[in-house]
There are 2 protein chains.
Amino acid sequence: MSVHSDQVCEWRSPEQLKELLDLELRDKGESESRVLQYCRDAIKYSVKTTHPRFFNQLYAGMDPYSMVGSFITEAITTSLYTYEVAPVFTLMEDTLLRKMIEMIGWDEGGDGIFNPGGSMSNMYAVNLARYRYCPDIKEVGLFAAKRLVILTSQEGHYSISKGAALLGIGTKNVYIVSSDKRGKMIPSALEEKIKLAKSEGAVPFMVNATAGTTVLGAFDPIEEIADICEKYNLWLHVDVRSYIHSPTNNVSLLCLLCLLRVNSVAWNLHKMLMVPLQCSAFLVRDKTSLLQHCHSARATYLFQQDKFYDVSYDTGDKSVQCGRKPDAFKFWLMWKALGTTQLEQIVDRAIAMARYLAQEIKKREEFQLVIEVAPVVKERMMKKGSMMIGYQAHGDKPNFFRMVVISPQVSREDLNFVLDEIHNLGQDL
Amino acid sequence: MSVHSDQVCEWRSPEQLKELLDLELRDKGESESRVLQYCRDAIKYSVKTTHPRFFNQLYAGMDPYSMVGSFITEAITTSLYTYEVAPVFTLMEDTLLRKMIEMIGWDEGGDGIFNPGGSMSNMYAVNLARYRYCPDIKEVGLFAAKRLVILTSQEGHYSISKGAALLGIGTKNVYIVSSDKRGKMIPSALEEKIKLAKSEGAVPFMVNATAGTTVLGAFDPIEEIADICEKYNLWLHVDVRSYIHSPTNNVSLLCLLCLLRVNSVAWNLHKMLMVPLQCSAFLVRDKTSLLQHCHSARATYLFQQDKFYDVSYDTGDKSVQCGRKPDAFKFWLMWKALGTTQLEQIVDRAIAMARYLAQEIKKREEFQLVIEVAPVVKERMMKKGSMMIGYQAHGDKPNFFRMVVISPQVSREDLNFVLDEIHNLGQDL
């Protein structure tokens with residue numbers, strides 16, 4: 001029996017859902033009661049990502065303070081390009097960026113910007129690394145440049161590849177470095193690929209390492225990668241997909257120490273810290289205004305230099321966007337309410353729950369067999385709405401379930417339920 | 001006397017505001033009453049962009065249905081990459097995109113995607129235009145490519161330049177086409193620049209036209225530009241910065257007809273239609289899945305092909321992002337409540353108010369003189385908090401105020417107040 005009476009989702013196929021919702025947009029407006037019914041239906045048939053049995057993505061749950069923060073930012077509806085139009089949120093973003101830089105331990109400071117997601121943060125990293133390698137590319141493009149090469153592991157996020165395509169570098173110039181069985185980048189394989197690129201006459205300029213890979217949750221060996229990056233003068237970016245500070249947890253502490261030597265970090269607060277989507281920071285260890293120089297276009301209608309206040313508070317020209325949501329406020333308010341200590345506890349609890357789950361799986365013999373039938377079990381759990389877990393194949397492994405344990409609402413009962421439910425749903429297969 | 005008792009902003013300098021707000025993030029969480037006070041302060045010192053006397057940006061006001069929509073999307077906190085995790089919002093986005101394509105009049109259909117803003121939409125256009133010119137660039141990059149050239153007018157938005165830098169094309173390869181005094185691109189000047197690029201051995205591949213330029217609100221002559229684009233086989237993108245459908249307004253109607261021949265459109269709903277930031281659509285007149293082919297990376301953990309439902313509903317691989325907010329719902333709900341007719345009325349009213357303002361300015365002799373003192377008048381209005389209007393210099397014109405009239409709450413009294421207030425604030429100068 002489930003300890004939760006409500007479902008994670010009320011599954012309907014696209015065809016069924018189209019019939020249930022009256023989607024058509026008409027010339028005439030509809031009544032208040034109809035509009036209210038649309039809201040109810042939207043909520044009813046949406047997935048409950050804050051349900052403790054939602055393990056489907058790298059986000060889950062929601063901090064209530066953060067939700068209040070998001071309602072306020074929505075109601076205030078402003079854009080973070082200038083201090084004059086977003087004075088409070090500009091200062092809060094600045095405070096947060098400084099605090100995050102302080103936590104990483106970049107003693108000489110740094111810079112950063114919130115943006116619409118981890119993929120965008122990774123693209124910022126590629127652009128900054130390229131700008132440091134050759135600032136002229138901003139003006140003249142890549143047409144006369146030597147072939148540039150980005151290095152990332154086979155477990156790295158696909159946004160590096162998307163970024164390479166978008167930025168004109170090309171997906172084939174993303175060299176894939178082998179990972180070990182645990183999913184960690186192999187440093188010697190990295191060095192080989194760097195040498196290969198150089199031998200081809202190409203210019204490796206950036207390494208993307210990952211702290212918490214998307215599928216296996218692996219932490220690349222950042223110290224050893226940093227050594228190699230220093231040797232070859234490569235920009236080292238770390239895609240922090242699930243990390244946050246937790247002094248009681250060795251892995252996170254190790255990771256923190258390693259970040260001291262990296263050039264930039266993508267840090268998603270909407271993942272493990274449960275800020276509502278979107279809340280992502282890009283941080284750069286640089287004191288030369290690289291972010292500003294790389295992205296500025298100096299639009300005269302927005303970034304007038306004859307303003308009556310200190311225009312260094314107009315941060316919009318650091319962004320590739322023009323309008324930009326004040327996502328930082330959601331996290332600032334949550335941090336105020338919980339303090340660093342409780343933020344750490346969120347992570348500690350998630351790690352403890354994941355460990356419990358690993359132990360329980362080891363106890364259950366049948367779980368080596370179940371993995372091959374993941375798509376069918378997935379279909380059954382969705383239609384029942386009892387829980388949501390993602391699956392995929394990986395290397396020579398067939399389809400398996402990727403359990404993402406984040407929400408502090410997740411209990412041992414929930415995890416036992418997950419194991420029992422997978423067993424029950426797949427029993428006849 | 002102001003007819004509104006409340007201020008548009010309570011101006012505080014960055015230094016003053018830092019003292020007023022307790023920004024520091026601490027180890028220990030703070031009390032509920034303190035957190036509530038932070039919320040009150042954030043609201044108090046934020047600019048009231050929904051105040052009828054906020055004319056500072058290309059957004060103003062807020063539709064209440066749309067705000068309810070935004071609260072629901074925040075509370076549901078999901079991401080639009082797959083149908084399974086955002087079934088309702090996926091279908092609503094699809095409905096909206098189809099409806100917008102139908103309104104433009106692309107009889108053979110088209111494709112599109114919501115994204116974090118107009119700048120991103122313009123970058124999508126550059127990437128798609130480049131992909132159509134040469135799909136191989138996605139894989140191999142620009143290193144072996146001929147020099148590519150984008151054409152835009154001197155009044156075009158700066159995001160085209162930012163996009164050229166980010167996409168590896170280079171800001172110098174954005175060729176600036178002259179505009180006439182009204183701010184419209186001069187077609188003969190466009191053709192000259194195309195010929196110039198070709199004579200240099202470069203490859204012009206895209207023209208960015210603007211419907212409602214940022215500073216002068218000009219509409220480029222899209223029919224004539226389309227003729228030239230067809231002649232030279234160039235992608236024609238239109239950056240629709242302030243346009244929406246309004247059958248009673250000739251300019252909009254003309255614009256609508258012209259869009260029939262363009263390849264892509266950036267359409268910001270968070271501007272004239274008062275959807276809370278962010279709500280932006282990119283639309284493409286293409287039936288060959290160009291958007292999917294150009295951006296897809298086929299991540300196996302997200303876009304499994306062995307799912308139990310029709311995976312064509314998983315639209316996330318059309319995006320350069322991974323996680324993506326369901327911004328479409330805000331506009332869908334508003335459209336349902338108001339109907340197309342009332343959406344049109346919003347625009348009609350804004351146009352009527354802008355016309356009234358133009359008439360009143362003509363009546364006031366002194367308004368030719370005031371423009372040179374804009375920065376001082378701006379400082380005074382901000383510190384008084386009576387209203388907010390942007391200013392800038394332009395060509396050989398000195399600083400002037402850029403009045404953006406959008407919100408349906410704006411009355412004739414407000415516009416009279418604006419003129420009186422500028423007069424009063426600048427009287428001693």
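Each chain gets a letter, A, B and so on, in the order its sequence line appears, and its residues count up from 1. Owing to the predicted nature of the structure, the values given are computational and were not obtained by experimental measurement.
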Legend entry - Contact winner vs chain B - A/Phe71, A/Phe89, A/Tyr45, heavy-atom pairs under 4.5 Å: A/Phe71
Inset, instruction - May I ask you to name which of A/Arg298, A/Met388, A/Lys44 has the most heavy-atom pairs under 4.5 Å with chain B? - result: A/Met388
Inset, instruction - Find the distance between CD1 (A/Ile137) and CD1 (B/Ile169) and round it off to the nearest 0.5 Å. - result: 13.5 Å
Inset, instruction - Against chain A, label B/Glu84 side chain, backbone, both or neither, depending on which of its atoms sit under 4.5 Å from a heavy atom there. - result: both
Legend entry - Short side-chain donor-acceptor distance under 3.5 Å, A/Tyr59 and B/Thr78: yes
Legend entry - Atom pair SG/NZ of A/Cys39 and B/Lys336 - distance to nearest 0.5 Å: 12.0 Å
Inset, instruction - Would you sort out whether A/Asp317 and B/Lys162 count as a salt bridge (charged side-chain N to carboxylate O under 4.0 Å, His left out), showing the intermediate values? - result: CA-CA 10 Å; A/Asp317 221 14; B/Lys162 285 211 176 192; 2.9 Å; yes
Inset, instruction - Mark yes or no for whether B/Thr95, through its side chain, and A/Leu23, through its backbone, hold a donor-acceptor pair below 3.5 Å. - result: no
Inset, instruction - Step by step, work out the side chain to side chain contact (heavy atoms under 4.5 Å, CB included) result for A/Gln342 and B/Lys28. - result: CA-CA 8 Å; A/Gln342 282 186 72; B/Lys28 207 170 161 313; over 6 Å; no
Legend entry - Exam field: side chain A/Arg324 to backbone B/Pro116, donor-acceptor pair closer than 3.5 Å: no
Inset, instruction - Please answer whether the main-chain N or O of B/Gly141 pairs with a side-chain N or O of A/Asn173 as donor and acceptor at a distance below 3.5 Å. - result: no
Legend entry - Side chain B/Tyr313, main chain A/Ser13, donor-acceptor under 3.5 Å: no
Inset, instruction - Check the side chains of B/Glu15 and A/Tyr309 for a donor-acceptor pair under 3.5 angstrom, ignoring hydrogens and angles. - result: no
Inset, instruction - For a side chain to side chain donor-acceptor pair (under 3.5 Å) with A/Tyr301, tell me which candidate from B/His394, B/Gln57, B/His157 qualifies. - result: B/His157
Inset, instruction - Under 4.5 Å, counting heavy-atom pairs only, tell me which of A/Gly117, A/Cys294, A/Ala165, A/Ser296 racks up the most with chain B. - result: A/Ala165
Inset, instruction - Calculate, to the nearest 0.5 Å, the distance between atoms OG and CD1 belonging to A/Ser46 and B/Ile76 respectively. - result: 3.5 Å
Inset, instruction - Return yes if a side-chain donor-acceptor contact under 3.5 Å exists between B/Glu139 and A/Thr171, otherwise no. - result: no
Legend entry - Largest heavy-atom contact set with chain B, pairs under 4.5 Å, which of A/Glu32, A/Arg98, A/Lys330, A/Lys307: A/Glu32
Legend entry - CD-CD distance between B/Gln392 and A/Gln304, expressed to the nearest 0.5 angstrom: 7.0 Å
Inset, instruction - Check step by step if side chain to side chain contact (heavy atoms under 4.5 Å, CB included) holds for B/Gln278 and A/Gln278. - result: CA-CA 11 Å; B/Gln278 56 197 42; A/Gln278 57 194 42; 3.3 Å; yes
Legend entry - Which atoms of A/Phe54 approach chain B - backbone, side chain, both or neither, heavy atom under 4.5 Å: side chain
Inset, instruction - Count the heavy-atom pairs under 4.5 Å between each of A/Val215, A/Leu91, A/Asp310 and chain B, then report the option with the highest count. - result: A/Leu91
Inset, instruction - Counting only heavy atoms closer than 4.5 Å, note whether B/Leu302 contacts chain A via side chain, backbone, both or neither. - result: side chain
Legend entry - Side-chain donor/acceptor of A/Thr341 to backbone N/O of B/Asp27, under 3.5 Å: yes
Inset, instruction - Sort A/Arg402 into side chain, backbone, both or neither according to what part of it lies under 4.5 angstrom from a heavy atom of chain B. - result: side chain
Legend entry - Among the listed options A/Asn115, A/Thr82, A/Thr73, A/Asp22, the residue most often paired with chain B at heavy-atom distances under 4.5 Å: A/Asp22
Inset, instruction - Working to the nearest 0.5 Å, report the span between CE of B/Met62 and OG1 of A/Thr77. - result: 4.5 Å
Legend entry - Rounded distance (nearest 0.5 Å) linking atom CG of A/Leu167 with atom CG of B/Leu166: 4.0 Å
Inset, instruction - Over all heavy atoms of both residues, which pair between A/Lys172 and B/Val140 is shortest? Give the atoms and the distance, please. - result: CD-CG1, 4.4 Å
